[in-house]
Number of protein chains: 2
Amino acid sequence: MEAYPTSAAYTPCQKCPLRRLKTFREFEAEELAFIGHFKRGELSIGKGETVLTEGVDSVHLYTVLAGWAFRYKLLPDGRRQILNYAMPGDLIGLQGSLTGEMQHSVEALSPMVLCVFERERLLDLYRNHPGLAFDITWIASREEQILDENLLSVGRRSAVERTAYLLSFIGSRARSVGLNGEVPLLIPITQQHIADTLGLSLVHTNKTIRKLADRGLITWRGGGCQIRDLDGLLAAARWEGLSETVRPLV
Amino acid sequence: MEAYPTSAAYTPCQKCPLRRLKTFREFEAEELAFIGHFKRGELSIGKGETVLTEGVDSVHLYTVLAGWAFRYKLLPDGRRQILNYAMPGDLIGLQGSLTGEMQHSVEALSPMVLCVFERERLLDLYRNHPGLAFDITWIASREEQILDENLLSVGRRSAVERTAYLLSFIGSRARSVGLNGEVPLLIPITQQHIADTLGLSLVHTNKTIRKLADRGLITWRGGGCQIRDLDGLLAAARWEGLSETVRPLV
DNA sequence: CGCACTTTTGAGACACGTCAAAACGTGTGG
DNA sequence: CCACACGTTTTGACGTGTCTCAAAAGTGCG
């Protein structure tokens, strides 16, 4: 089991290890101070636990400090659609903070540590730090772009293309936040998660994954997936890959 | 042909007919003045014309004053995925204003009139009007919610459910912005648009639409679709319908 | 009045779904 | 340290929803 920070070891924003990554833009001291003030604490949760629940009016929003999660929606009869994944540096629960009650749920894929923010203070942020407010909008807009691409995938790509797209997408994102501890990185998801992300059945997902594995693009092993040939996956997905943009970390 | 405002008849924000709708929140005089200042002009374009193009770095963003449009992405081989529709009161091109170049294209479904804003001034808005800045984020977040639901549809609903969902969704939105000129409202799309929104083939879309029409839920006539039984559609979609929230109009 | 775009229909193919059961892994408790 | 139990992955057989191809019938516009 990988060692995750615990809530005992509180991480001050100024010393947040994520900020050292080159994907994240430099923040001014004043901005950092404000965010430090905005942060109410840390929350550790276990694999499989629920972070946010659809229909509930959440008072908090979170930034992932460590671990993986996924956002999803359910149909009344239980069919599940996974909308996106969250990993270190990602903001969770913004929708609820704006609109009121959550329109989706979030569940941990691994043990996680979350920075906790209070919805109430979001207004302060908008009033006193236009730059950060702009960042929040930027983040919402990025999520939208991701969803656009997902929709394109599920709507118009074949099963092989979809799967290649999803795995290369997640792999690229993970790489950008330095999740290279084990090389190659192990993505902690089951084939059922992939099926529910791509709108496929579990059985067909399994057969599709096998094709990719036979081509040497990935390896599936207990507890998740490893990417062996990112360029091969990108080609199989007909996708040009993630653009390298510097982004904000709130 | 319906009468659309022309660019000759410039609409001052204070007298914008859309603001009279109860869906939109009341704006303060000062906010209205700022938006009036933010607005650079109006643009009229014809049916089938392109508003924004993927890959291009647009200097403007727009609010729809009249007419319909759709957002879409293309795969290299031409497969198209429609992501969402835009109608009066909707903001277009925010993504490009934040991230840089557009990640999707927008095309008019009917003649349109657009309010034109300059990207540059968006920063002023964030600096001087936190309330409006919050509104912009709110709008981005709403778009995200719509995409979530679309993804759920395309990924997990059957062809009949998907189609019922899409039509009831568009119909509800249109109703909320008072598009009742012709009762019942004519939604100006082709079956190809529906197919490309739902990830279905044209032929199968046609057969699915026929089923809904045979059940008396909708009527298809030259130039678009009319909704005859919204509740019936909602039930067929297994969808609880659009929540009635007051929203901002920028 | 004719061209171009839509909608409709039919037939046949296949990608993907469902059902069912076996094989595999892994953490737990005895 | 073994053995059971549960979650996950794999396999096979078979059904079907949706796709593709192709062509006809409408519809609207210049």
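Letters A, B, ... are given to chains in the order of the sequence lines, protein chains preceding strands, and every chain is numbered from 1. Basis for what follows: all heavy atoms, side chains included, without hydrogens, waters or symmetry-related copies.
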Partners passing side-chain contact (heavy atoms from CB on, under 4.5 Å) against [X] (at least two apart in sequence or in another chain):
X	answer
A:S168	A:L230, A:L233, A:L234, A:W239
A:V56	A:T53
A:E49	A:I45
A:R40	A:E118, A:R121

Return the value, rounded to whole Å, for the distance between atom [atom1] of [X] and atom [atom2] of [N].
X	N	atom1	atom2	answer
A:R157	C:dA15	CZ	P	19 Å
B:K211	C:dT8	NZ	C1'	15 Å
B:L200	C:dA15	CG	P	18 Å
B:K207	C:dT9	NZ	C1'	7 Å
A:R79	C:dG17	CZ	C1'	13 Å
A:K47	C:dT26	NZ	C1'	10 Å
A:I194	C:dG17	CD1	P	14 Å
B:L186	D:dG28	CG	C1'	14 Å

Next item on the list: Report the residues that fulfil ring pair (Phe, Tyr, Trp, His ring centres under 6.0 Å) with B:H60, sequence neighbours left out, ordered by chain and then residue number.
Entry: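 Scan of B:H60 (ring pair (Phe, Tyr, Trp, His ring centres under 6.0 Å), adjacent residues dropped) gives none.
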
Checklist line | For A:Q95, all residues meeting side-chain hydrogen bond (donor to acceptor under 3.5 Å, both in side chains), sequence neighbours excluded | finding: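 B:E144, B:D148.
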
Notebook entry, point to check: Which residues satisfy the side-chain hydrogen bond (donor to acceptor under 3.5 Å, both in side chains) test with B:Y62, sequence neighbours excluded?
Noted result: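 Listed in chain order: nothing, the list is empty.
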
Notebook entry, point to check: Can you check whether A:Y85's main-chain N or O pairs, donor with acceptor, with A:R173's side chain at less than 3.5 Å?
Noted result: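 It does hold such a pair.
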
Would you tabulate the nitrogen or oxygen pairs shorter than 3.5 Å linking the protein to nucleotides 8-10 of chain D?
from: D:dT9; atom 1: OP1; to: A:W220; atom 2: NE1; distance (Å): 2.8
from: D:dT9; atom 1: OP2; to: A:Q191; atom 2: N; distance (Å): 2.9
from: D:dT10; atom 1: OP1; to: A:R210; atom 2: NH2; distance (Å): 3.0
from: D:dT10; atom 1: OP2; to: A:Q191; atom 2: NE2; distance (Å): 2.9
from: D:dT10; atom 1: OP2; to: A:N206; atom 2: ND2; distance (Å): 2.9

Note to self: For the helix from C:dC1-D:dG30 to C:dG30-D:dC1, what angle separates the axis at the start from the axis at the finish, each from five pairs, in steps of 10°?
What the structure shows: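 For the helix from C:dC1-D:dG30 to C:dG30-D:dC1, the axes at either end differ by 40°.
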
Checklist line | Geometric class of the A:Y72/A:F70 ring pair [parallel <30°, tilted 30-60°, perpendicular >60°] | finding: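 It falls in the tilted class, 30° to 60°.
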
Next item on the list: Just call it for B:G48: base, sugar-phosphate, or nothing, with non-hydrogen atoms closer than 4.0 Å on any strand.
Entry: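 Nothing: the residue B:G48, judged by heavy atoms under 4.0 Å, touches no strand.
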
